[in-house]
There are 2 protein chains.
Amino acid sequence: MAITIYDVAREANVSMATVSRVVNGNPNVKPATRKKVTACIERLGYRPNAVARGLASRKTTTIGVIVPDISKSYYAELSRGIADVATMYEYNIILSNSDKRSLREVELIEDHLGKQVDGLIFMSDSISDDVRKELKLASIPIVLAGTLDSEMNFPTVNIENKEAAARAVQELIDNGHKHIAFISGPFSRDINRLSKKMGYVDAMKAAGLSIPEEFIVETDNTYDDAYEAWNRLKNLPNRPSAVFAGNDEIAVGLMNGIRDDGLTVPKDVEMICFQHSILARAVRPQLTAIRVPLYDLGAVSMRLLTKLMNNEEVEHTQVVLPYQIEHRDSIQRK
Amino acid sequence: MAITIYDVAREANVSMATVSRVVNGNPNVKPATRKKVTACIERLGYRPNAVARGLASRKTTTIGVIVPDISKSYYAELSRGIADVATMYEYNIILSNSDKRSLREVELIEDHLGKQVDGLIFMSDSISDDVRKELKLASIPIVLAGTLDSEMNFPTVNIENKEAAARAVQELIDNGHKHIAFISGPFSRDINRLSKKMGYVDAMKAAGLSIPEEFIVETDNTYDDAYEAWNRLKNLPNRPSAVFAGNDEIAVGLMNGIRDDGLTVPKDVEMICFQHSILARAVRPQLTAIRVPLYDLGAVSMRLLTKLMNNEEVEHTQVVLPYQIEHRDSIQRK
DNA sequence: ATGAAAGCGCTAACAC
DNA sequence: GTGTTAGCGCTTTCAT
């Protein structure tokens, strides 16, 4: 049986309350008493039971993090930002993978609430009505990190994905391209359908460029599927001379498909994409890309959550972080 | 105030104990009663408080996972394997990043124990004496996942890193190379000093090849540092014609350094490495590599931990998983 | 500055 | 089958 607060109290000839005060840094303890108690704690190797503490105080100093897939660098990077700020504020993290399945997401929210987390950071690339309802019902603070909330109800930290996509496509347009394809993840996901694709469409329309249906290629977001995608593009009447990709993994898949078809990036096809990992920099040519500040997205989300958990006044609960376009070699520089 | 088990009991005209039985699937409940209670639970939206349950039962159905850095694909992939098996057995995961700092690792172990986790999965690439002591003192099951324990005390799931390294180097030797360099992460880490380097040295010695001191290049394990590493190698009297790299990220860094020096892989320099991410496949030429079964390492670790937590008989607590060398294009095929 | 005592919401004997 | 009751280890009034 582990040492309890009661053991320490007896050993130090004080009450549990006093030990509790010492442990929690309550100033109302005479220095001499504090010293005596601290010594006993040390000697006995007392370690407060966080579960008992959580029950008594109704605070667990634990937050929940629900993520589609921690093995994807997008979410791993975000989570690291969350974790570092969580550590600063002495919160632990319960982390769960949802695989973007709405049913599972609902389950997980329920599960985390049952564990009495003090707050929740939720990530996905689409929010279903069921999830939205569940999230609304919760009585703890919730922040969406790097996650589009099409109805803009919840505290959120994000970049302007649509605008970024439009600017990326504009780079291609500025380089003289008329035939620009968009290679995307599934359009069942809001982030692709409502943000990235819309940005692409807006930029194309603004430039008076037409968008043949075939120029919009939907993949399952994997390297391998994107690799195959070039086969759908290469024989088109107006073969695209430039491509905007939804992220760097599919950009690299496509680029390798292009290369294995005997063509060269950027000579034959120029490319730009969202950057979620080191891939964009590791491949040759290096990819010109929208650098998404993933770590910061996570860190700021967690900071926001701490404020919400402390009932602090928060002016803007919809935080927008800046992004950068990093010019590398998949677009020729003028 | 949330609904408690007492509210449900009153509403259903039964005792708390009966509600508890229903919630926990205890068979000693009359079907009619069960139905009535279930209905009340549904109607009131009762959600058991896991903290109270944890205090009363002394089980939290939560395990701790301590990882150097979740944003590194090696650990992200491992963690995903852990998480999936944890889900199967209905455990939650508290995940913390240690940045491999021994002091922080000790803190985190203490912290997780305080949270009353039922088990712990620890990962690092080196285990300090302090950490070892802390781990030994713990009274809960602990498994090391993908982590070298040079003293072989703890339950572990791993691959034979040393043997794999030797086999990788042997591939280079078989291709006729005499001058083979090893580009590594920090030798302060056991995995590099005791496993990968030893495998390299063994293979070289067995083949009667000499190892000039300069052939062993220590990097900080980053892409950028590895990129620079070629500068230390290229002007050597016997410039290496082949390189064994500790992982794919530094392999790619080095390869790009080689390429930007005007040389070609595999024509001028052949390469092989440990594969921790999609990088090995995404770059061109694709890297011949030792595929480390990261997901499985995690999954098996968690499975082992469940057995330990259930006090099941476990024959082998030191599990060794197979690995594969994937032949791609950074070594010419004969 | 310190102690006594009442919970926090649940599980687990034990009794019936 | 079901109810009663005593904790689990701590925080938190409320006295003193």
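Just so we're clear, the structure is a prediction, and the values are computed from it rather than from any experiment. To find a chain, count down the sequence lines: A is the first, B the second, and so on, and within it residues start at 1. Side chains are part of it too, since the values below use all heavy atoms of this structure and drop only hydrogens, waters and symmetry mates.
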Members of residues 32-44 of chain A that approach DNA chain D, where some heavy atom sits under 4.0 Å away: none
Nearest-Å distance, [atom1] ([X]) to [atom2] ([N])?
X	N	atom1	atom2	answer
B/Leu55	C/dA12	CG	P	12 Å
B/Asn28	C/dT11	CG	C1'	15 Å
B/Asn26	D/dG1	CG	C1'	10 Å

Could you tell me which residues satisfy salt bridge (Lys or Arg N to Asp or Glu O under 4.0 Å) with [X], sequence neighbours excluded, listed by chain and number?
X	result
A/Glu151	A/Arg132
B/Glu313	none
A/Asp118	none
B/Arg104	B/Glu107

Sugar-phosphate only, base, or nothing, as touched by B/Asp7 at under 4.0 Å among non-hydrogen atoms: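 No contact.
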Touch class at under 4.0 angstrom, heavy-atom based, for B/Val14 against every strand present: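 It contacts sugar-phosphate atoms only.
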OP1 or OP2 of C/dG7 under 4.0 Å from side-chain N/O of A/Arg58: no
Under 4.0 angstrom between B/Thr18 side-chain N/O and D/dG3 OP1 or OP2: yes
Minimum-distance pair of heavy atoms, taken over all atoms of B/Asn92 and A/Lys115: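 Minimum heavy-atom separation between B/Asn92 and A/Lys115: OD1-CE, 2.7 Å.
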Partner residues of B/His112 under the ring pair (Phe, Tyr, Trp, His ring centres under 6.0 Å) criterion, sequence neighbours left out: none
Contacts of type side-chain contact (heavy atoms from CB on, under 4.5 Å), residue A/Asp125, not counting sequence neighbours: A/Tyr75, A/Lys100, A/Arg189, A/Ile191
Where at least one partner belongs to residues 294-308 of chain A, residue pairs that pass salt bridge (charged side-chain N to carboxylate O under 4.0 Å, His left out), sequence neighbours excluded: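 Checked against salt bridge (charged side-chain N to carboxylate O under 4.0 Å, His left out) - neighbours excluded - no pair reaches residues 294-308 of chain A.
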side-chain hydrogen bond (donor to acceptor under 3.5 Å, both in side chains) pairs, two or more places apart, involving residues 45-59 of chain B: A/Glu110-B/Arg47
Terminal axis angle for the helix from C/dA1-D/dT16 to C/dC16-D/dG1, five pairs an end, nearest 10 degrees: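 Here the helix ends are tilted 30° relative to one another.
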Candidate pair B/Lys133 and B/Asp129, rule salt bridge (Lys or Arg N to Asp or Glu O under 4.0 Å), full reasoning: CA-CA 6 Å; B/Lys133 198 197 307 168; B/Asp129 289 341; over 6 Å; no
Contacts of B/Asn97 that satisfy side-chain hydrogen bond (donor to acceptor under 3.5 Å, both in side chains) - sequence neighbours left out: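 Partners of B/Asn97 by the side-chain hydrogen bond (donor to acceptor under 3.5 Å, both in side chains) criterion come out as none, since no residue qualifies.
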5' precedence on DNA chain C between B/Val51 and A/Val29 (nearest-nucleotide basis):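 Closer to the 5' end of DNA chain C: A/Val29.
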With the criterion being N/O to N/O and under 3.5 Å, what pairs connect the protein with nucleotides 10-12 of chain D, and how long is each?
residue : atom : partner : partner atom : Å
D/dC10  : OP1  : A/Tyr46 : OH           : 2.6
D/dC10  : OP1  : A/Asn49 : N            : 3.1
D/dC10  : OP2  : A/Ile5  : N            : 2.3
D/dT11  : OP1  : A/Asn24 : OD1          : 3.4
D/dT11  : OP1  : A/Asn24 : ND2          : 3.1
D/dT11  : OP1  : A/Arg53 : NE           : 2.9
D/dT11  : OP2  : A/Ser20 : OG           : 2.6

